[in-house]
Chemist: 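I'd like to ask you about the structure that follows.
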Protein chains: 2
Amino acid sequence: MGRWEPDAAGRLLEAALELFSERGYEQTTVADIAQKAGVTERTFFRYYADKREVLFGGGTELEATVVASIAAAPSSAAPLEAVVAAISAIGLLLDERREFARRRAAVIASNASLQERELLKLAALSTAASSALRDRGAGAAEAALAAETGMALFKVSFERWVASPSARSIADYVKEAARELTALAAKL
Amino acid sequence: MGRWEPDAAGRLLEAALELFSERGYEQTTVADIAQKAGVTERTFFRYYADKREVLFGGGTELEATVVASIAAAPSSAAPLEAVVAAISAIGLLLDERREFARRRAAVIASNASLQERELLKLAALSTAASSALRDRGAGAAEAALAAETGMALFKVSFERWVASPSARSIADYVKEAARELTALAAKL
DNA sequence: ACACTCATGTCAGTAACTGACATCGAAGGG
DNA sequence: CCCTTCGATGTCAGTTACTGACATGAGTGT
């Protein structure tokens, strides 16, 4: 057994999520979170670069999933197809953490600066997807556009998933949104 | 004549842009900006809600342009067509402030927290576009997807415009990206 | 027993932001 | 011409996010 309770980062995340949910993001200080997790404020900043980042720890994992998923797409798949597969894969990941993802989304929806951070993470995902598409032979312009469009699909799919109380998978919403996009673009 | 030099907000913006360009965003304090503009730090925060916001003053105008543009689209226009027209209108606005838009874009590109703010403003634009589409009779789902897709088009168009030294209008890049999107979506 | 590591604590400092109150030139009424 | 009011600004004290430097102390291997 260690000198300290294990998994300080996880305890900080749980403490933050609870406090943000109860009192709101701005009404919670980092000192509050640290105290609830049984560490000092300084330790919080050793695990998370800033107060918001505590809610965005899984970013690397998501990025890896996107990249792997695009790399694994059959070479016959069109760029948008590969991206749709990638964001469906992310959807499956979130399905596994259904409870957590919803709590987290509710907190983020209630605070603008958290939304900013979320959008930045999505943009990072888009950049990763674009790069992975280029590795598959797509042109730079095509890759960037397909990646951004994919993020648009993800945003609306995730929104619908959060808004709906049903147990449907995010991947379902993605499929649906992709069909709608085809229809919209056909009328352009 | 007033007691103070006129247009404090404008002076603050100009001071901020110069300092951010020279030293970088993080190496510039709000006190630096205020001093260069000839006011106190407190006055800065009376005009701008936070340090980043000084670069994002035109948001309301852009939003109004988008809403007006979508409202003005002929009822025969498909949702994505209306959105493409709206972001082309924004492009024309930026063309008018070419110089400023490029300096500003360079500063934003160099700092993550400024990128966050920019993404949030874009998201606000998307929400406004979605709402304007619904006012024209579009369904909620269709409107949200068309708006988000439009922002994807805008992002890649603006990126290409910034990267290119030519004098082409942003609207040209939007048109080009829209054509590419049609091709990508057709293969879905 | 000893040194060494590593997660944590302690502490002082900077800079972003906020609320409360003071100041003072201008503008308008009497 | 004075007086009042108003609006933009200044002053100041306080909170909180975040950082760097250094101290501590239990485990780990030798």
Side-chain angles (χ1 to χ4, degrees), chain A residues 1-20 22-57 59 107-108 110-118 120-121, chain B residues 1-20 22-57 59 107-108 110-118 120-121:
Chain A
M1 231 184 295
R3 176 181 176 189
W4 303 278
E5 296 301 311
D7 192 22
R11 269 156 42 224
L12 283 165
L13 167 56
E14 187 54 37
L17 200 49
E18 279 184 29
L19 290 172
F20 292 167
E22 285 167 16
R23 312 180 194 170
Y25 175 78
E26 304 207 333
Q27 282 65 50
T28 305
T29 71
V30 173
D32 291 336
I33 302 169
Q35 188 184 8
K36 181 155 189 161
V39 296
T40 61
E41 199 178 340
R42 191 66 181 88
T43 291
F44 177 96
F45 287 110
R46 287 204 176 91
Y47 284 100
Y48 300 108
D50 59 51
K51 184 182 168 184
R52 305 175 213 172
E53 198 65 18
V54 66
L55 293 184
F56 295 90
V107 170
I108 291 175
S110 74
N111 181 269
S113 78
L114 290 173
Q115 289 161 38
E116 288 186 334
R117 180 59 51 85
E118 172 124 298
L120 190 69
K121 298 292 183 180
Chain B
M1 228 182 298
R3 178 179 175 191
W4 304 276
E5 296 300 311
D7 194 23
R11 272 154 42 222
L12 283 165
L13 166 56
E14 187 53 37
L17 200 49
E18 279 184 28
L19 290 173
F20 292 166
E22 286 167 14
R23 313 181 193 166
Y25 175 78
E26 303 209 332
Q27 283 63 50
T28 304
T29 70
V30 172
D32 291 336
I33 302 170
Q35 189 183 7
K36 182 156 188 161
V39 296
T40 61
E41 200 179 340
R42 192 64 183 85
T43 291
F44 177 97
F45 287 111
R46 287 205 175 91
Y47 284 100
Y48 301 108
D50 58 52
K51 184 182 170 186
R52 304 174 215 171
E53 197 64 18
V54 65
L55 292 183
F56 296 89
V107 170
I108 292 175
S110 74
N111 180 270
S113 77
L114 290 174
Q115 289 160 39
E116 287 185 335
R117 181 57 52 86
E118 171 125 298
L120 189 66
K121 298 290 183 180

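Here the structure is a predicted model, which is why all the values come from computation and not from measurement. Chain A is the first sequence line, chain B the second, and so forth, proteins listed ahead of strands; every chain is numbered from 1.
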Chemist: Can you measure A/Arg52 atom CZ to D/dC18 atom C1' for me and round it to whole angstrom units?
Modeler: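 Distance check: A/Arg52 CZ to D/dC18 C1' gives 12 Å.
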Chemist: Just how far, in rounded Å, is C1' of D/dA17 from CD of A/Glu53?
Modeler: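 It is 14 Å, rounded to the nearest whole Å.
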Chemist: Please tell me which of the listed nucleotides, D/dG20, D/dT9, D/dT16, lies nearest to the side chain of A/Thr29?
Modeler: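 Selected nucleotide (nearest to the side chain): D/dT16.
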Chemist: Measure from the side chain of A/Val39, starting at C-beta and using heavy atoms only, and say which of D/dA17, D/dT9, C/dG9 lies closest.
Modeler: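 Between D/dA17, D/dT9, C/dG9, the one nearest the side chain of A/Val39 would be C/dG9.
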Chemist: C/dA16 C1' sits how many Å from B/Arg117 CZ, rounded?
Modeler: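 Distance, rounded to whole Å: 13 Å.
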Chemist: Looking at A/Glu5 and A/Arg11, does any basic side-chain N land under 4.0 Å from a carboxylate oxygen?
Modeler: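 No salt bridge links A/Glu5 with A/Arg11.
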Chemist: B/Glu41 has an atom CD; how far is it from atom C1' of D/dT11, in whole Å?
Modeler: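 To the nearest whole Å, that distance equals 12 Å.
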Chemist: Do B/Tyr25 and B/Ile108 come close enough that some side-chain heavy atom pair is under 4.5 Å?
Modeler: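 Contact flag for B/Tyr25/B/Ile108 side chains = no.
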Chemist: If I take atom NZ in residue A/Lys51 and atom C1' in nucleotide D/dT15, what distance separates them, rounded to the nearest angstrom?
Modeler: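 Spelled out: NZ on A/Lys51 to C1' on D/dT15 is 12 Å.
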Chemist: What about B/Arg46, does its side chain sit under 3.5 Å from the base of D/dG7 through a donor-acceptor pair?
Modeler: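 It does not, because no donor-acceptor pair links the side chain of B/Arg46 to the base of D/dG7 below 3.5 Å.
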Chemist: Expressed as a whole number of angstroms, how long is the span from B/Asp50:CG to C/dA15:C1'?
Modeler: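 The distance from CG of B/Asp50 to C1' of C/dA15 comes to 13 Å, rounded to the nearest Å.
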Chemist: Specify the separation, in whole Å, of atom CD of B/Glu26 and atom P of C/dA16.
Modeler: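 It works out to 10 Å between those atoms.
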Chemist: What does A/Tyr47 touch in the nucleic acid at a heavy-atom separation under 4.0 angstrom: a base, only the sugar-phosphate, or nothing?
Modeler: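 Result for A/Tyr47 = sugar-phosphate.
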Chemist: Just compare D/dA8, D/dG10, C/dA16 and give me whichever is closest to any side-chain atom of B/Phe45.
Modeler: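 Of all the options, the side chain of B/Phe45 is nearest to C/dA16.
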Chemist: Do A/Arg52 and A/Glu118 meet the salt-bridge criterion of a basic N to acidic O distance under 4.0 Å?
Modeler: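 No.
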Chemist: Using the side-chain heavy atoms of B/Arg42, tell me which of these nucleotides is nearest: C/dT8, C/dG19, C/dC17.
Modeler: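 In terms of side-chain proximity for B/Arg42, the closest of C/dT8, C/dG19, C/dC17 is C/dG19.
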Chemist: A/Thr40 side chain N/O closer than 4.0 Å to the phosphate oxygens (OP1, OP2) of C/dG9?
Modeler: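 For C/dG9, OP1/OP2 do have a side-chain N/O of A/Thr40 under 4.0 Å.
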Chemist: Flag yes if more than 12 heavy atoms outside A/Gln35 fall under 6.0 Å of its CD atom; otherwise flag no.
Modeler: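 At most 12 heavy atoms, drawn from other residues, nucleotides or ligands, come within 6.0 Å of this atom.
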Chemist: Looking only at heavy atoms, which two atoms of A/Phe56 and A/Leu114 are closest? And how far apart?
Modeler: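 Nearest pair, atom of A/Phe56 first, then A/Leu114: CZ-O, 3.6 Å.
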Chemist: In whole angstrom, what separates A/Gln27's CD from D/dT15's P?
Modeler: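 That distance rounds to 16 Å.
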Chemist: Give one of base, sugar-phosphate or nothing for B/Ser113, where a contact means two heavy atoms less than 4.0 Å apart.
Modeler: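 Answer is nothing: B/Ser113 stays at 4.0 Å or more from every strand.
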